[in-house]
Q: 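Could you have a look at this structure, given as structure tokens, before my questions?
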Amino acid sequence: MHYDFKDIEKKWQKKWLDDKVFSVQQSDKKEKYYVLEMFPYPSGNLHMGHVRNYSIGDVVARFKRMNGYNVIHPMGWDSFGLPAENAAIKRGIHPNEWTWSNIENMRRQLKELGISYDWDREVATCHPDYYKWTQWMFLQLYKRGLAYKKKSYVNWCPSCATVLANEQVVNGACERCKSIVGKKELEQWFFKITDYAQRLLDDIEKLKGWPDKVKIMQQNWIGRSEGVEVDFKVDGMDKVVRIYTTRPDTIYGVTYMVIAPEHPIVKELIKGTEQEETCKEFINKMSYLNEIDRTSNEVEKEGVFTGRYVINPLNNDKVPLYLANYVLAEYGTGAVMAVPAHDQRDFEFSKKYGLPIKVVIQPEGQQLDASKMTEAFEEVGYLTNSGKFDGVRSDEAIGKIIDYIEQMGYGERKVNFRLRDWLISRQRYWGAPIPVIYCDDCGIVPVPEEDLPVILPTDVKFSGQGESPLSTSETFIAAKCPKCGKMGRREIDTMDTFVCSSWYYLRYCDPCNAKEPFDKESVKYWMPVDQYIGGVEHAILHLLYSRFFMKALYDMGYVAYDEPFTNLLTQGMVLKDGAKMSKSLGNVVSPEEIIEKYGADTARLFILFASPPEKDLEWSDQGVEGCYRFINRVWRIINDFIDAIKEDQAIDTSKFTAEDKKLWFMVNNTIKRVTDDVGQRFNFNTAISAIMELVNSLYYYKDKVADESKNSALLKVAIENMIIMLAPFIPHATEELWRIIGKEGSVHDQSWPKYDPDALIKDEIEIVVQINGKVRDKLVIPSNLTKEQVEEQALKCEKIVAETQGKNVVKVISVPGKLVNIVVK
RNA sequence: GCGGACGUGGCGGAAUUGGCAGACGCGCUAGACUUAGGAUCUAGUGUCACCGACGUGGGGGUUCAAGUCCCUUCGUCCGCACCA
């Protein structure tokens, strides 16, 4: 019999599906385990990154299942989004049709990989049964003031013709299409994620099973800073400009102030000044600049004098007020006090515009001369020129000066976050409609829950021009006000797809519920996700949004946990020739082609064997061949022993020969290693190599032990365990082999083997003998010798005697069971 | 600039707590079987001046012992980037 993967894989895939082997129900008898891989966007075809993601998840799911857990392992589709709409514009196919045919194809590909999904729990975010509840989520957030509409400068991608969240702007470009993102003043819907900034930050500590990298990225993104806000009076006006600073210790060194050109107060300030026209020009110029040109570090600092002066409340200094390109309107108060002596940005600006530099912190044992400085002094030092704070160490002065500012009523302590509210409206068609109606009398009116879902209309035109396609649907726009019944207008913006993916893991717990997004009890049973697996590109976006959703739902009482994912594995990329597989580089290997040529088992095995999951993986056609050979090698050795292992026989270790003992040790040691590598360390590559070593041992046993001396009971156990341990990696071949060796039922229903600790105790062990830390000899000795006996033996070795002759043995160090090191002089 | 990860044979990678560096696989070499083999099996495979020495990016240190710990330096990759 030979390994005919094509028939075998097809046969078992069908059987698993028909028998619903991987469908799960809640059960009090077993502990639950939730394995989740980030659901894909249905682009049409699986790529190797998907294969890697799902293969990793499948090993975990199958392993946990064999370890007695009630494993939920669902799959679905993140199926709203722009590509569907672009396909509609380009090819005239309706997004709905395009998306569903892609889903169908990818579902087939997933099934051909033999991943152990519970297909009864499949969800698609573009299905009305799903987005009904996404809309419901919106309404709940709206009810609690966590969804609101505001006019502001937002990121605008000209190519996607929609606004973007801050998280979707990467280096000033659209995360999706790489076009340069501009700014537009628009009225948009936001989720108030900033309300949760502190909790999102604090609870990072709870995420013990997350990679530090991701946690640090989230921390930086949330970007908490502590400081103080201070009011500076505008000279000659009944106005104040409020600044925010984290360095109040430098406040006596303020020599000018800078304010963002977009700051709402600016218009009033410049009115009637001599500089009004120059300022207006500057403001106009800035408004045309895109994010990149405006905020890049390389861009030179630029500004103009407003003609106004402000007064530093601490020392009554009158300092000029400038508009400057480097001040961000959205952060802090949009105005910054400038201390050129102690802030590099201010230093550069002051040099350019000839503004004074005033030293207020002196480094220990030095005297800075403002006129000779070449860069700002930003380190800790001692205050000078700072009134009653002179001589105080600058880091201690921060708290003292804030206290003083508060006492005097100049301002107050303030914590700021870099995190901005999440802009969720999109001017696109293929998304969940925002369930809101505008009424001339009642204003913004949410659609009542019983009227959900707000269905996406089909009478729309996809021109790729002008407004959102939804604006072309007469049937959609016209809607009665739910409050007064008067004719109103429906919101034509849809939700960011990240809204849909922020709660899908909850829907899997109760996917068919028509009355609620999910049943509380089901969610309580299955959640949180025990193991989440996906690419690091979602370190901020999806993972932060999901955490926010979970916390909001927790506060509303819908869920019992406020963190969705207990453990997170961020898998590395799949590379070919050192670069990420991409169409433009022409280095793509399609999963379908590999499955066709070698089978799903080989594809999975290679991907798991080539590299540990969190590292990047270099694709190797020869490596794939090697894995294919390995499966064949397993296949052959089992068939070689098939007659010997047919009958049931009890193992009798007392009759073991030396070779039997070696193999028995190997079997048990492999169980130990694989259990640990898969269950604890997630190092599938070393787990597989351990099994390869076991296979090599079986070949050795076959070759070196005479037939009449072969222990068939031992062989039977060895082979059974080998098949079981390989089952999570190559589920089809092992299922077939399980039958071939005469077993009933599925190998995937077997419990994970346990090793016999006695089998790991060797009668004889090898001890390394070192002189001054260098290996000189090896000693095979009985394992039960005392430390002293071992040392004695070591000192008696021929080589050691020869080498230590005439030298002084200073010390002997032994590591039990491992080595003896003899220190000589 | 700030933050993080990493650097080990010809290649992918092992070495889990400081204890034999290079497991396992690829590739390569030789042999066996064979009409033939790109199938399979067996043996070998870090480097060199090969009974020995050297060797985990470089330099220094701690230690009986360092890929692993400390200092320093170089390089690669990733994230953030005027956040006051």
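Every chain is numbered from 1 and lettered A, B, ... according to where its sequence line falls, protein lines coming before strand lines.
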Q: Both conditions, 6.0 Å and 45 degrees, for the charged tip of A:R604 above the ring of A:F729: are they met here?
A: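 Cation-pi check for A:R604 and A:F729: fails.
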Q: A:F682 has an atom CZ; how far is it from atom P of B:U16, in whole Å?
A: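 Those two atoms, CZ and P, are 19 Å apart.
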Q: Where does B:C50 land, syn or anti, given syn is within 90° of 0?
A: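 Syn, which is what one calls it when the glycosidic angle falls within 90° of 0.
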Q: Using purine N1 to pyrimidine N3 plus N6-O4 or O6-N4 for Watson-Crick, or N1-O2 and O6-N3 for G-U wobble, each under 3.5 Å, what pairs with B:G31?
A: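 B:C41 is the nucleotide pairing with B:G31.
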Q: What nucleic acid atoms does A:N685 come within less than 4.0 Å of, heavy atoms only: base, sugar-phosphate, or nothing?
A: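 Contact class for A:N685: sugar-phosphate only.
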Q: Among B:A15, B:C41, B:C20, which nucleotide has an atom closest to any side-chain atom of A:K778?
A: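 From the listed options, B:C20 comes nearest.
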Q: Look at the side chain of A:V775 and decide which nucleotide, out of B:C64, B:C26, B:C20, has an atom nearest to it.
A: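 Nearest nucleotide to the side chain: B:C20.
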Q: Remember a base hit wins even if backbone is also touched, and classify A:Q770 as base, sugar-phosphate or nothing at under 4.0 Å, heavy atoms.
A: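 The residue A:Q770 makes base contact.
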Q: Rounded to whole Å, how long is the line connecting atom CH2 of A:W619 with atom P of B:C11?
A: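 These atoms are roughly 21 Å apart.
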Q: For a quick check of understanding: with a heavy-atom distance under 4.0 Å over all strands, which category does A:G223 fall into, base, sugar-phosphate or nothing?
A: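 The answer is nothing, as A:G223 stays clear of every strand by at least 4.0 Å.
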Q: Can you say whether a donor on the side chain of A:K818 sits under 3.5 Å from an acceptor on the base of B:C20, or the other way round?
A: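 Under the 3.5 Å cut-off, the side chain and the base do not form any donor-acceptor pair.
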Q: Regarding A:D616 and A:K580, does a basic nitrogen lie under 4.0 Å from an acidic carboxylate oxygen?
A: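 A:K580 and A:D616: not salt-bridged.
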Q: Between B:C82 and A:K301, counting only base atoms on the nucleotide and side-chain atoms on the residue, is there a donor-acceptor pair under 3.5 Å?
A: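 Flag set: donor-acceptor pair detected.
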Q: With a cut-off of under 6.0 Å to the ring centre and 45° to the axis, is A:K702 in cation-pi contact with A:F641?
A: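 Judged by the rule, A:K702 and A:F641 form no cation-pi pair.
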Q: Would you please confirm or rule out a distance under 4.0 Å between OP1 or OP2 of B:C20 and any side-chain N or O of A:R776?
A: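 No, outside the criterion.
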Q: Counting only Watson-Crick or G-U wobble pairs whose two distances fall under 3.5 Å, which nucleotide matches B:G9?
A: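 Across all strands, not a single nucleotide pairs with B:G9.
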Q: Distance check needed: B:G12 C1' versus A:Q622 CD, whole Å only.
A: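 Answer to the nearest Å: 11 Å.
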Q: Mind telling me whether A:Y353 and A:F349 have parallel, tilted or perpendicular rings, with 30° and 60° as the class edges?
A: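 Tilted, since the angle between the ring planes falls between 30° and 60°.
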